[in-house]
Amino acid sequence: MEHYNLTIHEAADLLARREVSSRDLTQAVLDRIRQVEDRVKAYVTITEELALKQADEADKRIAAGDAAPLTGVPAAIKDVICTKGVPTTCGSRMLENFLPPYHAHVTERLLDAGLVMVGKVNMDEFAMGSSTENSAFYPTRNPWDLERVPGGSSGGSAAAVAADECIYALGSDTGGSIRQPASLCGVVGFKPTYGRISRFGLVAFASSLDQIGPLTKDVTDCALVMNVVAGHDRRDSTSAPLDVPDYTQSLIPDLKGIRIGVPQEYFVEGMDDQVRASIEAAVKKMEELGAEVDWQVSLPSTGYALACYYIIAPSEAMANLARYDGVKYGYSNTRGDTMWRNMELTRQHGFGDEVKRRIMLGTYALSAGYYDAYYLKALKARTLIRREFDAAFEKCDALVTAVAPTPAFKIGEKTDDPLQMYLSDVCTIPVNIAGLPAISVPCGLADGLPVGVHIMAKPFDEPTILRVAYAYEQATEWHKARPKL
Amino acid sequence: MAITREEVQHVAMLFRMSLSEEEIAKFQQQLSQIIDYFQILQELDTEGVPPTSNPLALENVMRDDEPRPSFPTEDILANAPRSERDFFRVRAVLE
């Protein structure tokens with residue numbers, strides 16, 4: 001076992017016992033990046049110098065007896081989260097040279113906890129995509145099969161964790177962007193409740209859906225990162241003014257008294273047989289661990305969630321992306337002869353195809369004559385979807401489904417068919433519509449490719465999700481499977 | 001197709017974004033396919049259902065209007081493509 005293979009909790013033990021220094025651990029991760037990065041392409045920016053400086057500071061903190069569980073542990077941050085003075089590109093030409101003048105709230109929290117940042121990781125442009133092929137720079141590859149996508153939009157985060165190019169990573173999830181790549185890369189990915197973590201400094205995509213969360217090698221690490229990044233922040237008025245529990249208290253290895261529901265609608269048409277079998281086996285394992293399982297839960301509006309999402313998310317994105325005008329920051333095209341012409345050219349040449357498609361969809365759905373038929377209708381559908389979840393959670397503590405209907409697909413397979421690409425998020429999108437927390441935990445391999453099981457709970461019931469995820473993980477070996485690189 | 005070529009151009013201009021001829025043709029076809037898919041929502045009976053715009057059902061969040069330091073002007077202008085003194089510089093808007 002190499003140092004770069006460590007989990008956060010294993011690394012923290014070795015650091016506390018002074019068996020390894022943060023500098024050695026960081027150097028091991030940087031060496032690992034050097035070894036595999038030209039094949040995986042997980043990173044947009046590697047911050048070697050900064051990481052070593054932060055590692056030395058962490059070592060001083062550890063020597064002074066002032067260490068927290070994340071102190072000195074190398075991490076990667078999705079390139080949609082602001083890091084002061086370090087490029088934050090959002091995977092876009094539009095922000096290729098953008099240096100944030102401030103840190104995101106989560107970056108500040110991690111820095112206070114002793115962050116060692118090894119770099120910023122790749123993503124679909126402005127977090128719009130399910131494969132990381134929409135990065136303006138290069139696609140990231142799945143460490144399990146370099147011909148396949150890592151999922152997206154947090155594909156860089158998931159691939160970096162799976163390839164041991166960092167110990168943990170942060171991602172963001174608007175319709176599945178943490179959970180789907182976690183599933184496809186065989187790591188743990190958690191989208192907390194809408195409002196659980198401040199989005200201050202997260203570049204906005206769809207403001208009623210976006211949430212930040214961790215991607216880690218196991219559930220214990222997930223709880224450790226959540227303990228640091230969760231909580232209220234007055235700079236994000238949508239962050240919840242609620243106390244944050246100690247999430248490690250939820251790491252209980254049995255499921256006695258937990259009621260689990262399996263919604264039938266999530267076994268969608270076209271689901272891979274091996275994925276289906278893995279999910280059913282995972283639920284049976286949860287039953288063995290003491291959970292009471294209802295296999296016949298129904299959420300009848302599930303089939304409408306995708307259409308609902310692809311109206312709401314682009315509508316909000318259109319409003320958020322109107323800030324890119326070539327005047328205040330970012331790419332600027334000045335070949336036009338008027339201010340307006342320059343703005344039009346800046347957007348034409350600064351945004352990639354998928355971002356343009358979503359801007360167009362959102363602008364269309366909000367335009368005169370279509371608002372009621374599309375946008376307002378979608379908001380009403382959102383209410384129905386939410387109500388069905390509320391009813392289900394009166395009878396169940398957790399719902400268990402697949403994360404993605406298939407394992408990782410081939411690079412290029414879906415790039416010419418946007419609707420097919422959108423369908424890869426069919427199981428994860430309803431969670432964002434309803435603002436729920438949900439996790440992806442490794443639960444099998446289909447032809448050698450990872451499969452994740454999806455565990456959802458009611459808003460702010462992260463503890464139940466972590467308990468189910470932890471008990472399941474401890475009773476299986478899937479989280480120990482690693483790609484051969 | 002659900003959306004005409006003229007509508008594609010109109011929508012792009014509502015957003016102040018120009019598109020090439022190839023992009024207009026491609027987006028007309030792709031957006032039509034996606035908008036056709038949206039029709040599935042018309043099957044849902046939403047009579048009397050209120051819209052949800054925020055999953056937390058938050059009320060307006062208010063705080064006291066207390067003056068506090070903002071970002072230094074030079075930090076903000078550091079990312080500006082063009083600036084002059086304390087201002088962003090653009091092409092003349094008025095003739």
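Bear in mind the structure is a predicted one, so any value in this text is a computation, not a measurement. Sequence lines set the chain letters: A, B, ... in the order given, protein chains first and strands last, and positions in each chain run from 1.
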Sort [X] into side chain, backbone, both or neither according to what part of it lies under 4.5 angstrom from a heavy atom of chain B.
X: A:I433; answer: backbone
X: A:R386; answer: side chain
X: A:T334; answer: both
X: A:F460; answer: side chain
X: A:Y422; answer: side chain
X: A:P418; answer: side chain
X: A:A381; answer: both
X: A:Y309; answer: neither
X: A:D416; answer: backbone

Taking the side chain as C-beta and beyond, is there a heavy-atom pair between [X] and [Y] under 4.5 Å?
X: A:S208; Y: B:P55; value: yes
X: B:N54; Y: A:T238; value: yes
X: A:L345; Y: B:M17; value: no
X: B:Q30; Y: A:L419; value: no
X: B:T46; Y: A:T383; value: no
X: A:L306; Y: B:Y37; value: yes

Side-chain donor/acceptor of B:T52 to backbone N/O of A:R382, under 3.5 Å:
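Pair absent, no side-chain N/O of B:T52 close to backbone of A:R382.
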Using only atom types and a distance under 3.5 Å, with no angle test, would you say the side chain of B:Q42 pairs donor to acceptor with the backbone of A:K377?
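No; zero donor-acceptor contacts below 3.5 Å.
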Taking the six-membered ring of B:F15 as reference, does the NZ or CZ atom of A:R347 fall below 6.0 Å from its centre and within a 45° cone about the axis?
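Here A:R347 passes the 6.0 Å and 45° test against B:F15.
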Winner by heavy-atom pair count (cut-off under 4.5 Å) against chain B, out of A:G435, A:G350, A:A373, A:S332:
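Of A:G435, A:G350, A:A373, A:S332, A:S332 has the most heavy-atom pairs under 4.5 Å with chain B.
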Tell me, out of A:L384, A:L436, A:I385, who's got the most heavy-atom pairs with chain B below 4.5 Å.
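Highest number of heavy-atom pairs under 4.5 Å: A:L384.
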Does B:E43 have more than 12 heavy atoms from other residues, nucleotides or ligands lying within 6.0 Å of its CD?
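Yes - once you tally the heavy atoms of other residues, nucleotides and ligands closer than 6.0 Å, there are more than 12.
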Under 4.5 Å from any heavy atom of chain A - which part of [X]:
X: B:V11; answer: both
X: B:D36; answer: neither
X: B:M13; answer: side chain
X: B:R63; answer: neither

Residues of [range] within contact distance of chain A, non-hydrogen under 4.5 Å:
range: residues 72-79 of chain B; result: B:D75, B:I76, B:N79
range: residues 81-91 of chain B; result: B:P81, B:R82, B:F88, B:V90, B:R91
range: residues 18-25 of chain B; result: B:S18, B:L19, B:S20, B:E23

Quick test of your reading: applying salt bridge (charged side-chain N to carboxylate O under 4.0 Å, His left out), list the pairs with at least one residue in residues 305-331 of chain A, sequence neighbours left out, ordered by first then second residue.
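Non-adjacent pairs meeting salt bridge (charged side-chain N to carboxylate O under 4.0 Å, His left out): A:D325-A:K328.
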How long is the gap from [atom1] on [X] to [atom2] on [Y], to the nearest 0.5 Å?
X: A:I359; Y: B:L14; atom1: CD1; atom2: CG; value: 12.5 Å
X: A:Y304; Y: B:I40; atom1: OH; atom2: CD1; value: 5.5 Å
X: B:I35; Y: A:M360; atom1: CD1; atom2: CE; value: 9.0 Å
X: A:Y102; Y: B:F71; atom1: OH; atom2: CZ; value: 6.0 Å
X: A:S367; Y: B:H10; atom1: OG; atom2: NE2; value: 6.0 Å
X: B:L44; Y: A:K380; atom1: CG; atom2: NZ; value: 11.5 Å

Quick one about B:E7 and A:Y364 (side-chain donor to acceptor, distance below 3.5 Å, no hydrogens or angles considered), yes or no?
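No, because no side-chain N or O of A:Y364 sits under 3.5 Å from a partner of the opposite role on B:E7.
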